[in-house]
Amino acid sequence: MHREALAQMKTDVILQSESSECGLACLAMVASRHGASVGLRDLRQRFSLSLKGASLSRLINIAGQLGLQCRPLRLGMDEIGRLKTPCILHWDMNHFVVLAKVAGKKLVVLDPAFGKREMTLAEASDHFTGVALELTPGEGFTPRKPAPAIAIRQLTGRVTGLWRALAMILALSMVLQVFVLLAPFFMQWVVDQVLVSADRDLLTVLGLGFGLVLLLQVAIGVLRGWAVVYLSSRLGLQWMGNVFSHLLRLPLDFFEKRHLGDITSRMGSVQAIQRTLSTSFVEALVDGLMAVVTLGMMLLYSVKLALVTLLAVAIYLGLRAVAFGQVREGTEQQLVAAARQQSHLLESIRGVQSVKVAGREGLRRSTYFNLMNDTVNRDIRMAWLGLGFNSGSQLIFGLERIAVIWIGAILAMQNVLSVGMLIAYLAYKDQFALRMGGLIDKWIEFRMLRLHGERLADIALAEPELDASACGDQARQLPEDTRLEARGLSFRYAEGEPWIIKDCSFAVEAGESVAIVGASGCGKTTLVKLMLGLLKPVEGTITIGGRDLARLGHEAYRPLMGAVMQDDQLFAGSVAENIAFGDENHGPEGIEAAARLAAIHDEISAMPMGYHSLIGDMGTTLSGGQKQRVILARALHRRPGILFLDEATSHLDVERERLVNEAVRELKLTKVIIAHRPETIASADRVLVMHGGRMVQEIRPAAPASQQASGHANETAAA
Ligand SMILES: Nc1ncnc2c1ncn2[C@@H]1O[C@H](COP(=O)(O)OP(=O)(O)OP(=O)(O)O)[C@@H](O)[C@H]1O
């Protein structure tokens with residue numbers, strides 16, 4: 001019975017954060033409809049998915065573990081009305097959505113990428129692939145209450161000086177309110193005392209007195225305004241700083257699985273929260289207090305009139321409460337649409353060369369227009385809602401004012417109130433209505449904060465990489481030597497996906513140079529990322545100097561490592577800044593030495609500004625080969641103990657590659673080199689051939705062995 005009652009609940013849309021988690025979001029929606037509020041964050045932790053997303057069979061497997069019984073179906077559009085809702089539909093060949101309701105020729109679809117959509121059967125048939133998944137709670141299904149709201153402190157980290165600044169703003173606001181409370185007396189005394197007795201002296205005293213009060217009020221107002229600006233900027237700096245440093249500590253796959261625009265939009269939620277807290281929080285307190293005081297004054301003047309005003313406030317509160325769901329959904333969709341538009345913009349700028357070469361400016365433009373259209377439509381919807389509330393409040397409080405003046409006039413005619421009292425009452429009631437209206441709006445704003453909080457939680461509550469502070473002093477100590485060893489190493493990007501590395505064991509002695517060869521896509525880069533600690537092994541261990549990488553804080557081993565990866569980036573700044581990358585210890589000589597080793601010194605010197613030449617933020621002033629060598633110089637400048645080169649010389653001509661290989665060979669380092677070219681492979685002491693997720697052969701090349709190795713690489717490529 002309880003379960004049935006829960007099943008009647010409205011299904012809320014749960015929007016996906018990662019680009020590939022539509023399936024998980026759909027399962028979370030269905031489970032919460034059946035009364036188990038499993039959050040998406042929870043599901044993500046329990047059932048990690050790779051960038052490639054989830055197949056239907058993986059979804060069935062996860063649903064089974066959640067206690068949901070699955071019935072996969074293949075059906076035509078005409079049979080869709082017979083499905084037991086909510087169920088999951090396969091959409092556009094690469095997406096999942098929840099079918100919430102079918103009513104006649106209309107469907108209500110909850111799309112984790114867009115939100116709630118109503119569409120006709122004809123529209124849906126353009127997307128539906130004919131595969132559906134019905135889900136019903138089985139034996140193991142346990143209803144769960146929604147997780148408690150996330151505390152703001154959890155999201156923003158430690159902030160100093162917050163309470164002191166808030167207390168000061170509150171105190172100043174309170175003082176200001178005293179003046180507001182005094183103001184109506186001016187009119188009451190002028191009307192009832194001055195006008196009645198034609199007392200000019202009293203008028204002068206009242207005029208001067210209230211003039212002085214006004215000056216004080218303005219001065220305190222300025223002070224308060226300044227305090228709010230100070231608090232918001234201090235808060236903004238600390239919070240943004242905290243969230244950004246947390247963001248940088250997150251593991252690589254966090255970034256790989258998300259769109260750029262989505263991450264920036266979530267960072268924007270920090271500002272929304274901070275704005276609400278630094279201003280609206282204090283205002284709400286003041287409004288609340290003022291509402292109580294003004295209500296007291298109103299009751300003193302007339303209970304009857306006060307009841308009319310209270311009724312109007314209650315009606316406005318009801319209006320906002322009824323429309324709350326729509327405001328929340330609208331705001332969330334607005335944020336998602338803006339993030340999508342932003343992602344497209346950033347991607348188009350980054351990939352402008354490919355867009356131009358393929359002549360796809362038109363396609364990118366029209367997609368951008370569509371996304372913009374989507375954003376604008378959602379903005380318009382929110383503007384409509386805002387207009388509705390405004391007009392509603394105008395109408396309600398306008399009618400209330402007429403009623404109050406009407407009844408007040410009758411009371412004045414009956415001599416229950418003087419004219420001055422009526423005027424003063426009107427001033428208090430206007431204050432009360434204003435404060436209550438403000439309080440209700442702020443209450444909605446605070447509830448909306450939860451939405452921003454949830455969006456920010458995706459970043460703030462994501463588990464950072466293991467750092468040494470979490471695992472004691474031992475984890476901080478550098479390993480004694482640079483011998484690398486993998487034992488029984490297995491890795492796949494997510495459960496249910498094929499193993500990329502399976503039961504792989506090998507060792508690289510300290511000071512040895514090992515080349516890893518194998519067919520494209522066999523997992524070489526993945527293996528290097530594992531050795532760099534960017535990915536975590538699913539099974540097995542990697543040790544450096546006999547110490548397990550998984551138990552070392554990344555501060556302990558990253559300083560030992562230098563790497564040139566395939567998609568490494570340069571940053572805006574000069575060539576020297578890019579090579580030093582913030583490490584000023586070795587001075588200009590160190591930078592030059594690294595550049596010489598990377599065979600790029602001559603070319604940098606030939607530039608008009610030498611080492612001070614500026615590189616664009618996408619490294620655009622350098623050729624591909626130059627960029628690779630600057631990145632190599634950057635890796636060498638760190639003076640690493642272990643150097644990883646993943647196709648680090650693939651863009652170089654044979655002569656330059658020979659120069660780089662010779663320079664690297666001379667270095668007394670442990671080296672792991674991934675390459676396809678025989679010359680580079682030949683520069684290694686040992687060649688490991690990778691196939692089927694493990695090392696299948698080891699070759700110790702004397703000179704001719706390089707040919708053997710490359711022959712093997714080709715063999716495996718063909719295998
Ligand atoms: N983030 C990811 N999520 C899911 N699968 C991935 C991810 N990155 C790589 N893969 C898959 O892992 C496999 C190994 O990729 P990897 O980049 O390690 O190969 P590689 O041997 O370095 O290839 P190449 O020589 O072409 O650089 C590929 O099948 C690839 O599709």
Side-chain angles (χ1 to χ4, degrees), residues 241 244-252 255 464-469 475-482 484 510-511 528-529 531-534 544-545 547 549 552-605 607 609-619 621-622 626-646 648-649 660 663-664 666-673:
F244 186 66
S245 22
H246 182 79
L247 183 76
L248 290 186
R249 287 167 53 217
L250 295 179
L252 184 69
F255 298 91
E465 287 180 304
L466 186 72
D467 67 23
S469 55
R476 243 182 275 248
Q477 288 161 8
L478 285 176
E480 298 77 40
D481 71 58
T482 54
L484 263 174
V528 170
K529 285 185 178 168
M531 289 191 274
L532 281 166
L534 294 171
I544 299 183
R547 297 181 58 197
L549 211 62
L552 279 174
H554 61 82
E555 302 96 319
Y557 61 83
R558 294 257 166 87
L560 269 185
M561 296 174 168
V564 180
M565 305 295 282
Q566 288 179 35
D567 45 6
D568 266 344
Q569 298 292 332
L570 292 172
F571 294 88
S574 68
V575 176
E577 281 166 352
N578 265 287
I579 295 178
F581 209 17
D583 177 3
E584 305 300 338
N585 286 341
H586 311 303
E589 304 78 35
I591 294 175
E592 196 185 308
R596 278 183 195 281
L597 279 175
I600 183 79
H601 171 73
D602 293 344
E603 279 152 87
I604 298 175
S605 305
M607 292 178 186
M609 308 264 289
Y611 278 86
H612 298 293
S613 309
L614 291 178
I615 306 178
D617 65 350
M618 290 190 261
T621 55
L622 299 178
Q626 287 171 337
K627 197 174 145 190
Q628 263 190 342
R629 279 173 290 152
V630 172
I631 291 172
L632 176 62
R634 181 172 75 189
L636 294 175
H637 181 265
R638 291 161 60 84
R639 312 208 167 160
I642 311 173
L643 183 65
F644 295 92
L645 300 177
D646 185 1
T649 51
V660 171
V664 170
E666 293 307 309
L667 295 171
K668 298 273 168 280
L669 299 175
T670 307
K671 277 161 275 179
V672 177
I673 301 168

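Values below: all heavy atoms of this structure, side chains included; hydrogens, waters and symmetry mates excluded. The structure displayed is predicted, hence computed values, not measured ones.
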Can you name the closest pair of heavy atoms from [X] and [Y] and give their distance?
{"X": "G511", "Y": "T670", "result": "N-OG1, 3.0 Å"}
{"X": "L250", "Y": "F255", "result": "O-CE1, 3.7 Å"}
{"X": "A633", "Y": "A598", "result": "N-CB, 3.8 Å"}

*asked:* So, using ring-ring contact (aromatic ring centres under 6.0 Å, His included) as the criterion, who are the partners of F244 when residues are at least two apart?
replied: none

Partners passing side chain to side chain contact (heavy atoms under 4.5 Å, CB included) against [X] (at least two apart in sequence or in another chain):
{"X": "E577", "value": "S574"}
{"X": "S613", "value": "V575, M607, M609"}
{"X": "D568", "value": "M565, I631, R634"}

*Note, L645 side chain near L632 side chain (heavy atom, < 4.5 Å)*: yes

Nearest 0.5 angstrom please: [X] [atom1] to [Y] [atom2], how far?
{"X": "L622", "Y": "I600", "atom1": "CG", "atom2": "CD1", "value": "7.0 Å"}
{"X": "I544", "Y": "D481", "atom1": "CD1", "atom2": "CG", "value": "10.0 Å"}
{"X": "L534", "Y": "L252", "atom1": "CG", "atom2": "CG", "value": "5.5 Å"}
{"X": "I591", "Y": "H601", "atom1": "CD1", "atom2": "NE2", "value": "12.5 Å"}
{"X": "K671", "Y": "T482", "atom1": "NZ", "atom2": "OG1", "value": "10.5 Å"}
{"X": "I579", "Y": "I615", "atom1": "CD1", "atom2": "CD1", "value": "7.5 Å"}

Check residues 636-644 and write down every donor-acceptor pair under 3.5 Å in which the side-chain atom is one partner and the other belongs to a residue at least two apart or another chain.
from	atom 1	to	atom 2	distance (Å)
R638	NE	M561	O	3.0
R638	NH2	R558	O	2.7
R638	NH2	M561	O	3.0

*Under the side-chain hydrogen bond (donor to acceptor under 3.5 Å, both in side chains) rule, collect the residues that match up with H246, sequence neighbours excluded.*
none

